[in-house]
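Written out below as structure tokens is the structure these notes cover.
Count residues from 1 along the sequence.
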Amino acid sequence: MTMDVLASARTLRAGFVGGGFMATVHSRAARAAGAALSGGASSTAERGRAAVERLGLDAAFDSVDELLADPEIDVVHVCTPNVTHAAIAEAALVAGKHVVCEKPLATTVADAERLRSLAAERGLVAAVPFVYRFHPMAREARARVAAGETGRLLSVHGAYLQDWLATPHDDDWRVDRTLGGPSRAFADIGSHLVDLVEFVAGDRIVRLNSTTRTVYERRATNVDIATEDLVAVVVELASGAVGTLLVSQVAPGHKNALTIELSGTDATVRFEQERPDRLWVGRAAASTVIERDPARLAPDAARLSLVPAGHPMGYQDAFNAFVADAYAAIAGSPPDGLPGFDDGARAVRVTDAVLRSAASGTWTEVAA
């Protein structure tokens, strides 16, 4: 069902909890998908009013409970600090609302599993924005792997490198485990990397061996920092393929360098988020670069390719596509590849395995 059809039946009404950068991105996507931006709430009534004015929402709620009690709101976007996600998402589900919750879905496996089960029991759409799946050329890579073009999967290689915390003067609430949870770099961006690798490969990591580093234990305002700045992981997939993953928020010069590479017996595919309109396909005889052209892509990739070839698409486009698909699922037509609370809980399990492996120095199984 298209959003036009949904709107003709009843305009979806969205509420937003939080008012920072991610709430801005979510609200843009909701507006693009045709929803009514009914209102918002934050940690205090004053913050809620400021967020509503900044985001252009219809009404300010004095509390999250007040927002959830509004019968007119259909879907709640949770865009708050990590440690608050589980409680807000659970309250929204109990209130009968569909939920779009920022990752990590929760900071413990038990909380993530409870949310996954609750969403299923309530029959509600519950989505987590692993939005890099929604770049058309990431879908093209997935389609080519699924079609057997790469042959039997042998290895995976991935990295997610950023530099926004590269110096001790750089600081953010996420470094504080009381707000961000026990994992920072991996829960924040490593979860995206793992999700994209597993989504494109159609395969899952079954065990891993990881090492973490906290480069700066003191920053501009935060001290005694225990969350990790970087993580290196060796992985084994269910198919027997092996691989390496590197995650860093202290890599100077790298702004948002998310890259995955999957090699099989016949070919390699490589997708780079900072160059999202192309896909590299490598073969022993010759290699090619596939440009994003809707007329020449697999159907699922072409569906997400909304502008003509040569007109760049980016992060907000991918986020818009994710929210549009979540809203289509609410309307009764869930598209293929929508990341739900199952995927959110999966990311929490992998993160937990990474932390346990780093603490023990041994290979660790990843719960299915």
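You'll find the side chain of Trp164 reaches within 4.5 Å of the side chain of Asp172, heavy atoms only. With contacts defined as side-chain heavy-atom distances shorter than 4.5 Å, the pair His98/Val76 does not qualify. With contacts defined as side-chain heavy-atom distances shorter than 4.5 Å, the pair Phe271/Val200 does not qualify. Counting heavy atoms from C-beta outward, Thr259 and Gln273 have side chains that stay 4.5 Å or more apart. Side-chain contact between Val94 and Leu118: present, with at least one pair of heavy atoms (C-beta onward) separated by less than 4.5 Å. Using a 4.5 Å cut-off on side-chain heavy atoms (C-beta onward), Leu355 and Pro182 make contact. Under the 4.5 Å side-chain criterion, counting only non-hydrogen atoms from C-beta, Val269 is not in contact with Arg142. Inter-residue side-chain proximity for Asn82 and Leu179 is flagged as unmet; no heavy-atom pair is nearer than 4.5 Å.
At least one donor-acceptor pair closer than 3.5 Å links the side chain of Thr351 to the backbone N or O of Ala347. A donor-acceptor contact shorter than 3.5 Å is absent between the side chain of Asp325 and the backbone of Phe322. In this structure, the side chain of Asp195 does not engage the main chain of Ser191 through any donor-acceptor pair within 3.5 Å. In terms of modelled atom types and a separation under 3.5 Å, the side chain of Ser210 and the main chain of Val233 share no donor-acceptor contact. Although no hydrogens or angles enter the test, the distance criterion places no donor-acceptor pair under 3.5 Å between the side chain of Asp62 and the main chain of Ala45. Of the possible donor and acceptor atoms, one in the side chain of Thr214 sits under 3.5 Å from a partner among the backbone N and O of Thr227. Arg292 places a side-chain N or O within 3.5 Å of a backbone atom of His311 that can act as its donor or acceptor partner. With hydrogens and angles disregarded, a donor-acceptor distance shorter than 3.5 Å links the side chain of Ser357 to the backbone of Thr362.
Linking ILVMFWY residues whenever their side-chain heavy atoms come closer than 4.5 Å, directly or via other members, leaves Val234 and Tyr160 in distinct clusters. A continuous path of Ile, Leu, Val, Met, Phe, Trp and Tyr side chains, each step under 4.5 Å between heavy atoms, connects Ile290 with Phe134, placing both in one hydrophobic cluster. Clustering ILVMFWY residues whenever any of their side-chain heavy atoms sit less than 4.5 angstrom apart, transitively, puts Leu338 in the very cluster that holds Leu196. Cluster annotation: Phe21 is not connected to Val52 through the hydrophobic network of ILVMFWY side chains, with a link wherever side-chain heavy atoms come within less than 4.5 Å. The hydrophobic cluster containing Val366 also contains Val197, counting ILVMFWY residues as joined when their side-chain heavy atoms lie under 4.5 angstrom apart, directly or transitively.
Between Glu291 and Leu297 the shortest heavy-atom distance is O-CD2, 4.3 Å. Closest approach of Pro276 to Met137, counting heavy atoms only: O-CG, 3.3 Å. Contact record, Ala89 with Cys101: CB-SG, 4.3 Å, taken as the closest heavy-atom pair. In this structure, Thr11 and Gly34 approach most closely via the heavy-atom pair CG2-O, 3.7 Å. For the pair Pro335 and Ala329, the tightest heavy-atom approach, listed with the atom from each and the gap, is CD-N, 4.3 Å. Taking each heavy atom of Leu262 and Ile260 in turn, the nearest pair found is CD1-CD1, 4.0 Å.
Ring pair His77/His26 is perpendicular by interplanar angle, where above 60° counts as perpendicular and below 30° as parallel. Taking the six-membered ring where tryptophan is involved, the planes of His135 and Tyr132 are essentially parallel, since the angle between them stays under 30° and well short of 60°.
How far CG of Leu245 is from CG of Leu193: 5.0 Å, rounded to the nearest 0.5 Å. Here the straight-line distance linking atom CZ of Arg278 with atom CG of Asp293 works out to 13.5 Å at 0.5 Å rounding. Distance check: Leu55 CG to Arg28 CZ gives 9.5 Å after rounding to the nearest 0.5 Å.
For the residue pair Thr178 / Asp176, a side-chain donor-acceptor distance below 3.5 Å is found, with atom types taken as modelled. With 3.5 Å as the limit, one finds no donor-acceptor pair spanning the side chains of Arg47 and Ser42. No side-chain donor from either of Ser38 and Asp58 sits under 3.5 Å from a side-chain acceptor of the other. In summary, the side chains of Asp188 and Gln249 do present a donor paired with an acceptor at a separation below 3.5 Å, with no hydrogens or angles considered. Donor-acceptor pairing under 3.5 Å is lacking for the side chains of Glu274 and Asn256. When only modelled atom types and interatomic distance are considered, Glu102 and Thr80 share no side-chain donor-acceptor pair under 3.5 Å.
No more than 12 heavy atoms of other residues, nucleotides or ligands shown are found within 6.0 angstrom of CZ on Arg296. With a 6.0 Å radius and a threshold of 12 heavy atoms from other residues, nucleotides or ligands, Glu66 has its CD atom above the threshold. Around CD of Glu46, the count of heavy atoms belonging to other residues, nucleotides or ligands within 6.0 Å does not exceed 12. The local environment of CZ in Arg283 is crowded, with over 12 non-hydrogen atoms from other residues, nucleotides or ligands closer than 6.0 Å. Surrounding CZ of Arg356 are more than 12 heavy atoms belonging to other residues, nucleotides or ligands, all under 6.0 Å away.
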Decide yes or no on side-chain contact (heavy atoms from CB on, under 4.5 Å) for Val78 and Val100, but give the supporting numbers first. CA-CA 6 Å; Val78 181; Val100 178; over 6 Å; no
How far apart are the C-alpha atoms of Ile330 and Leu12, what are their side-chain angles, what is the distance that settles it, and do they pass the side-chain contact (heavy atoms from CB on, under 4.5 Å) test? CA-CA 9 Å; Ile330 291 171; Leu12 195 72; 3.8 Å; yes
Determine, step by step, whether Ser183 and Glu228 satisfy the side chain to side chain donor-acceptor pair (under 3.5 Å) criterion, reporting the C-alpha distance in whole Å, the side-chain angles of both residues, the deciding distance to 0.1 Å, and the verdict. CA-CA 7 Å; Ser183 172; Glu228 77 282 358; 2.7 Å; yes
Verdict with supporting geometry, Leu237 and Leu153, side-chain contact (heavy atoms from CB on, under 4.5 Å): CA-CA 10 Å; Leu237 281 69; Leu153 186 63; 4.1 Å; yes
For Leu208 and Glu236: C-alpha separation, side-chain torsions, deciding distance, then whether side-chain contact (heavy atoms from CB on, under 4.5 Å) applies. CA-CA 6 Å; Leu208 54 81; Glu236 182 178 324; over 6 Å; no
Could you walk me through whether Asp343 and Arg133 pass the salt bridge (Lys or Arg N to Asp or Glu O under 4.0 Å) check? CA-CA 12 Å; Asp343 301 289; Arg133 293 183 178 196; 3.1 Å; yes
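Remark: Asp74 does not engage Lys97 in a salt bridge, criterion side-chain N to carboxylate O under 4.0 Å. Salt-bridge formation is detected for the pair Arg346/Glu198: a Lys NZ or Arg NE/NH1/NH2 atom is positioned less than 4.0 Å from an Asp or Glu carboxylate oxygen. Ion pairing of Glu140 with Arg144 is present here, as a side-chain N (NZ or NE/NH1/NH2) and a carboxylate O approach within less than 4.0 Å. Salt bridge Arg114/Asp111: present, at least one basic N to carboxylate O contact under 4.0 Å.
The residue from Asp171, Asp224, Asp229 that alone fulfils the salt bridge (charged side-chain N to carboxylate O under 4.0 Å, His left out) condition with Arg219 is Asp229.
In this structure, Arg270 fails the cation-pi test against Trp280, since its NZ or CZ atom is not both closer than 6.0 Å to the six-membered ring centre and inside 45 degrees of the ring normal.
In this structure, Thr24 has no side chain to side chain donor-acceptor pair (under 3.5 Å) partners at least two apart in sequence or on a different chain. Judged as a ring-ring contact (aromatic ring centres under 6.0 Å, His included), and not counting sequence neighbours, Phe186 has no contacts.
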